[in-house]
Amino acid sequence: MLATACVVAAGAIAWFGMANTGSSTPPVEGVTLAGNPRDQGAAGAVAYPSISRGGLPSRIVIPAAGVDASVTEVGVVVEDGVPRWETAWRAAGHHIDSALPGQPGNMVITGHVSVADRRNLAVFASLDAVAPGDAIEVYSGASRHSYIVRDVLVVDPDAVHVLRSDSAATVTLITCTRDLEHRLVVVGVLADIESGHADA
């Protein structure tokens, strides 16, 4: 129950953080994410090894944390007049309004660190084993999008800045800390895209 509350709280942060901007999309000025256009000259150009046309994420693999899980879409639902993010069942949850694999922007994926219902899956139970330099692979069909971990952060539950997007192609993984008091956030930057078999 507490783990579900953590994921719900992360979603509420996203919802209210975006609602405060007066827009349905996150603010483009990020304090945690690299590649802010203000720092890149008039053109705001960022060099990428390759850029994907996009497609929904279907699988996430993080070798350092022993993660190999499917990814499903989650969005905002309203219950009793209160908006909250859906929680993924037996999967990681891709925030449907965030970037797609391999595309510029911040792709946000959340998951449980623990679960009360043993039929569910704590996909990010070992996310705290990840360190800068580790690999994150996000699959979209047959395409594998490789990210390299840049930051591992512990933030307060109301730290909405980790959800912001800018021109850099990043992935942000969010779960609760093991004590369920804070949020564990892992940020990776796009390294490469490979086309091939999704089970490669």
(request) Using modelled atom types only, decide if a donor and an acceptor are shared between the side chain of Tyr139 and the backbone of Ser70 within a distance under 3.5 Å. (result)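 Between the backbone of Ser70 and the side chain of Tyr139 there is no qualifying donor-acceptor contact (under 3.5 Å).
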(message) Donor-acceptor check, side chain of Asp166 to backbone of Ala168, threshold 3.5 angstrom: yes or no?
(response)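 Yes; at least one donor-acceptor contact below 3.5 Å.
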[X] and [Y]: same hydrophobic cluster, using ILVMFWY side-chain contacts below 4.5 Å?
{"X": "Val171", "Y": "Val154", "answer": "yes"}
{"X": "Ile96", "Y": "Val74", "answer": "no"}
{"X": "Val186", "Y": "Ile148", "answer": "no"}
{"X": "Val187", "Y": "Val155", "answer": "yes"}

Can you measure from [atom1] ([X]) to [atom2] ([Y]) and round to the nearest 0.5 angstrom?
{"X": "Ile136", "Y": "Ile62", "atom1": "CD1", "atom2": "CD1", "result": "5.0 Å"}
{"X": "Ile174", "Y": "Arg183", "atom1": "CD1", "atom2": "CZ", "result": "9.0 Å"}
{"X": "Phe124", "Y": "Leu173", "atom1": "CZ", "atom2": "CG", "result": "4.5 Å"}
{"X": "Ile109", "Y": "Ser98", "atom1": "CD1", "atom2": "OG", "result": "7.5 Å"}
{"X": "Leu153", "Y": "His182", "atom1": "CG", "atom2": "NE2", "result": "13.0 Å"}
{"X": "Tyr147", "Y": "Asp192", "atom1": "OH", "atom2": "CG", "result": "11.0 Å"}

Which atoms form the tightest heavy-atom contact between [X] and [Y], and what is the distance?
{"X": "Val130", "Y": "Ala65", "result": "CG2-CB, 3.8 Å"}
{"X": "Pro83", "Y": "Val76", "result": "CB-CG1, 3.9 Å"}
{"X": "Arg84", "Y": "Glu79", "result": "NH2-OE2, 2.8 Å"}
{"X": "Val123", "Y": "Gly111", "result": "CG2-CA, 3.7 Å"}
{"X": "Thr175", "Y": "His112", "result": "OG1-C, 3.5 Å"}
{"X": "Pro63", "Y": "Ala135", "result": "CD-O, 3.7 Å"}

Between [Y] and [X], is there a side-chain heavy-atom distance shorter than 4.5 Å?
{"X": "Asn106", "Y": "Arg164", "value": "no"}
{"X": "Met107", "Y": "Leu100", "value": "no"}
{"X": "Ser114", "Y": "Leu180", "value": "yes"}
{"X": "Val138", "Y": "Arg59", "value": "no"}

(message) Which residues pass the side chain to side chain contact (heavy atoms under 4.5 Å, CB included) test with Val71, not counting sequence neighbours?
(response)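 Counting only residues at least two positions away or on another chain, Val71 forms a side chain to side chain contact (heavy atoms under 4.5 Å, CB included) with Pro57, Ile60, Ala92, His94.
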(request) Not counting sequence neighbours, which residues clear side chain to side chain contact (heavy atoms under 4.5 Å, CB included) with Ala125? List them please. (result)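 Expected list: Ala122.
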(message) Leu127 and side-chain contact (heavy atoms from CB on, under 4.5 Å): which single residue from Val152, Val113, Leu184 fits?
(response)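 Per the side-chain contact (heavy atoms from CB on, under 4.5 Å) rule, the option paired with Leu127 is Leu184, out of Val152, Val113, Leu184.
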(request) Would you please name every residue forming a side-chain hydrogen bond (donor to acceptor under 3.5 Å, both in side chains) with Asp80, sequence neighbours left out? (result)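 For Asp80 there are no side-chain hydrogen bond (donor to acceptor under 3.5 Å, both in side chains) partners, ignoring immediate neighbours.
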(request) Under the side-chain hydrogen bond (donor to acceptor under 3.5 Å, both in side chains) rule, collect the residues that match up with Ser146, sequence neighbours excluded. (result)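 None.
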(request) Please identify each residue that fulfils salt bridge (charged side-chain N to carboxylate O under 4.0 Å, His left out) with Arg90, with sequence neighbours left out. (result)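 For Arg90 there are no salt bridge (charged side-chain N to carboxylate O under 4.0 Å, His left out) partners, ignoring immediate neighbours.
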(request) List in chain and number order the residues that pass salt bridge (charged side-chain N to carboxylate O under 4.0 Å, His left out) with Arg119, two or more places apart in sequence or in another chain; answer none if no residue qualifies. (result)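 Scan of Arg119 (salt bridge (charged side-chain N to carboxylate O under 4.0 Å, His left out), adjacent residues dropped) gives Asp117.
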